[in-house]
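Hydrogens, waters and symmetry mates play no part in the numbers below; they use all other heavy atoms, side chains included. In what follows, chains carry the letters A, B, and so on, assigned in the order in which the sequence lines appear, proteins first and then strands, with residues in each chain numbered from 1.
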There are 2 protein chains.
Amino acid sequence: MLTERQLEIVLSVVYEYIQTGEPAGSRTISKKYLRGSSAATIRNEMADLEEMGYFYQPHTSAGRLPTSKAYRLYVDSIMQRRRTAPAETEQWAKDIRERKVGVESILSYVSELLGKATNCVGMAALSALDEVEIQRINFVRLGGSAVLLLVVLDAGLVHHTNIQLPCDLSQDVLDDIARKISTVACGRPWSQVRGALATYVLSGLEDVWDTCREAVVQIDLLLNHKTSRLFVGGAQHILNLPDFQDIGKIQAVLSLLEQENSIADMVERYSINQGVSVTIGDENTEEEMKDCSLVLVPSAGYGRRTVLGLIGPQRMDYEKSIAILEAIAENLNDSLVQ
Amino acid sequence: MLTERQLEIVLSVVYEYIQTGEPAGSRTISKKYLRGSSAATIRNEMADLEEMGYFYQPHTSAGRLPTSKAYRLYVDSIMQRRRTAPAETEQWAKDIRERKVGVESILSYVSELLGKATNCVGMAALSALDEVEIQRINFVRLGGSAVLLLVVLDAGLVHHTNIQLPCDLSQDVLDDIARKISTVACGRPWSQVRGALATYVLSGLEDVWDTCREAVVQIDLLLNHKTSRLFVGGAQHILNLPDFQDIGKIQAVLSLLEQENSIADMVERYSINQGVSVTIGDENTEEEMKDCSLVLVPSAGYGRRTVLGLIGPQRMDYEKSIAILEAIAENLNDSLVQ
DNA sequence: CGTTAGCACTCTCCTCTAATGAGTGCCAAC
DNA sequence: GTTGGCACTCATTAGAGGAGAGTGCTAACG
């Protein structure tokens, strides 16, 4: 639909804008990127492309700014190229390895590292917890029918929640139930256990059936969120960017970051893709994200259940960001095995 | 050292500046606060007070701005007055009560609530965990000598960390050790258990002495930080304040907030006082806080081991902030008992 | 001697104006 | 289809002038 030259112009304008932060004019594009065509030619093309929805002008006598549609073209073209890992990769890998062990502390560190390296907000999430091996399940009586449900997953990941059981049981009985559930559950991911457990509970634990049933429901709730553990870091770095000089934009992002659920939803929604997923400006459903982009990369780490991501301005350096994200995601593998 | 009138002037200038955000001039003070004295008189006094370090001028022909020293006087005078609980107290208490149970989720909500109500950054911290009753101690074998140490405290508070034990023990042995330690520890705070446990370990568990010793050391580490659990919320609200129009200031605060340790240190340092503790501008040791104030209030909630706090501009409405902090701190009591 | 009125002075802030310059749209020529 | 030329638009910047707030100082008053 676009001619070769039109495509080149779109990509050049996006690239130029990403580099300089200024609207790109026909003269600049002609001089720096399409030396074969004169400014006037570019000008005509640009007018057409604006009509087609790739550009807009902040005011009549300014250069062109790319729309989400143009960024989309740009990102798609980047994705087809090979990316070279950034030079600092080795250093980052070392930094991560030297961190104190534990999935959570590593991911928290990684999110900050991502933020610092890209000047975006870094994110690291554990997704699909029901695919991770269960190590242990415990109930701790808190008083009355309130009980603490404690699930330890592979690699020392702890999830817990306060629940209400249908009746007040002693700690001994709770321990007994936990032991029986553990017999079935331990060493297997919840997704495999769920069905088996229902049968088992029905057959072997009739006397405390209500309690067990509720316990299973609660474990299910706890592990069934696709994204159950989210680390966000390096938020202060976006303030370095000229795109976030506007207090209103900062506030939009900050308020979004405080709603952990929204972010988790986004991660869940877009991380179903196998590879890198980039959601640009308008493509986001969240109002606060209309000026921003979201980049997500599933990581090899932790049994392929980790997602790394960035939230940054629509005008982010996608090439660099994606390269960094991929490099760190790759490295996470080794660090999280331990 | 200050005459009655001088004190009145200092308090008036601080009050006026907090209300309006503008430097206060002699005329304004004379008209609004000290009707008995003329502007010229106030002017003379103000020049003296400036020399004494209570005021400064942003430029020659502007009114006076209060220094930290003046704020200190103002806050001290507030602290002597009775404060009336804000009207929204009832609503807040209800909101907190309706939240899903669990210390952590409540404190997280409270920190956001504080932020929203005061336009400052809200904080809620659990301090002195070694004073909180232990409910259960567990070790979960992660592989090799890596072990997950899990401590459940009163009210469903879970603390855990990955540790390395001196040798590789089976889960059964670990469970056995955990059971023995629990016998001594459960139902008592760690501070009371620490000594007793050392003796007990020495006498009854010779065969796994090394392991037990290490375990005790690690539990000690885990619980011995005075402030071990910190929730920060509502950061986006400070952007509403005119004091934070400067991106640099926002960045200073944000970067401070990301270093959980620094905040924990501050909370620990100042929360040893019994009552409300206010640290104003220069009085802070952290460079990033020189333009900000920190207000901390120990809460009745959770066995008096909770600290609520605010980080806001030096020019915050201390009277309102402290009243809100105290009201919520008071209410937390009921909510956290459950 | 403390208090007050008066006055000159300073400095910020706002508005208005003019100049600059980047970039466009369009037209006519190649 | 491409290009050079030209008029036009609009944001940005700098400078000038005036208004307003507030001070410091001085001299007079009780």
Work out which heavy atom in [X] is nearest to a heavy atom in [Y]; give both atom names and the distance.
X	Y	result
A/Arg315	A/Thr20	NH2-C, 4.4 Å
B/Val253	B/Cys292	CG2-SG, 3.9 Å
A/Gln314	A/Thr67	NE2-C, 4.4 Å

Whole angstroms only, please: what is the [atom1]-[atom2] distance between [X] and [N]?
X	N	atom1	atom2	answer
B/Ile42	C/dT4	CD1	P	9 Å
B/Glu45	D/dG24	CD	C1'	15 Å
B/Glu51	D/dT23	CD	P	16 Å
A/Leu65	C/dG23	CG	P	12 Å
B/Asn44	D/dT23	CG	P	11 Å
A/Ile9	C/dT24	CD1	P	11 Å
B/Glu22	C/dT12	CD	P	14 Å
A/Met46	D/dT2	CE	P	16 Å

Would you say a side-chain N or O of [X] is under 4.0 Å from OP1 or OP2 of [N]?
X	N	value
A/Thr41	D/dT2	no
B/Arg5	C/dT3	yes
A/Arg64	C/dT24	yes
B/Ser26	D/dT23	yes

Residue [X] excluded, over 12 heavy atoms near [atom1] under 6.0 Å:
X	atom1	result
A/Glu51	CD	no
A/Arg35	CZ	no
A/Phe231	CZ	yes
B/Lys290	NZ	yes

(message) Should the side chain of B/Arg43 and the base of D/dG24 be counted as holding a donor-acceptor pair, with the cut-off at 3.5 Å?
(response)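 Looking at the base of D/dG24, it does pair with a donor or acceptor on the side chain of B/Arg43 (distance under 3.5 Å).
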(request) Nearest-nucleotide wise, let me know which of A/Arg27 and B/Ser38 is further upstream toward the 5' end of DNA chain C. (result)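 The residue mapped nearer the 5' terminus is B/Ser38.
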(message) If you assign each of B/Ala40 and B/Pro58 to its closest nucleotide in DNA chain C, which residue comes earlier from the 5' end?
(response) B/Ala40
Identify all pairs in which a protein N or O lies below 3.5 Å from an N or O of nucleotides 9-11 of chain C, and state each distance.
| residue | atom | partner | partner atom | Å |
| --- | --- | --- | --- | --- |
| C/dT10 | O2 | B/Ser61 | OG | 3.0 |
| C/dC11 | OP1 | B/Thr60 | OG1 | 3.4 |
| C/dC11 | O4' | B/Ser61 | OG | 3.2 |
| C/dC11 | O2 | B/Ser61 | OG | 3.1 |

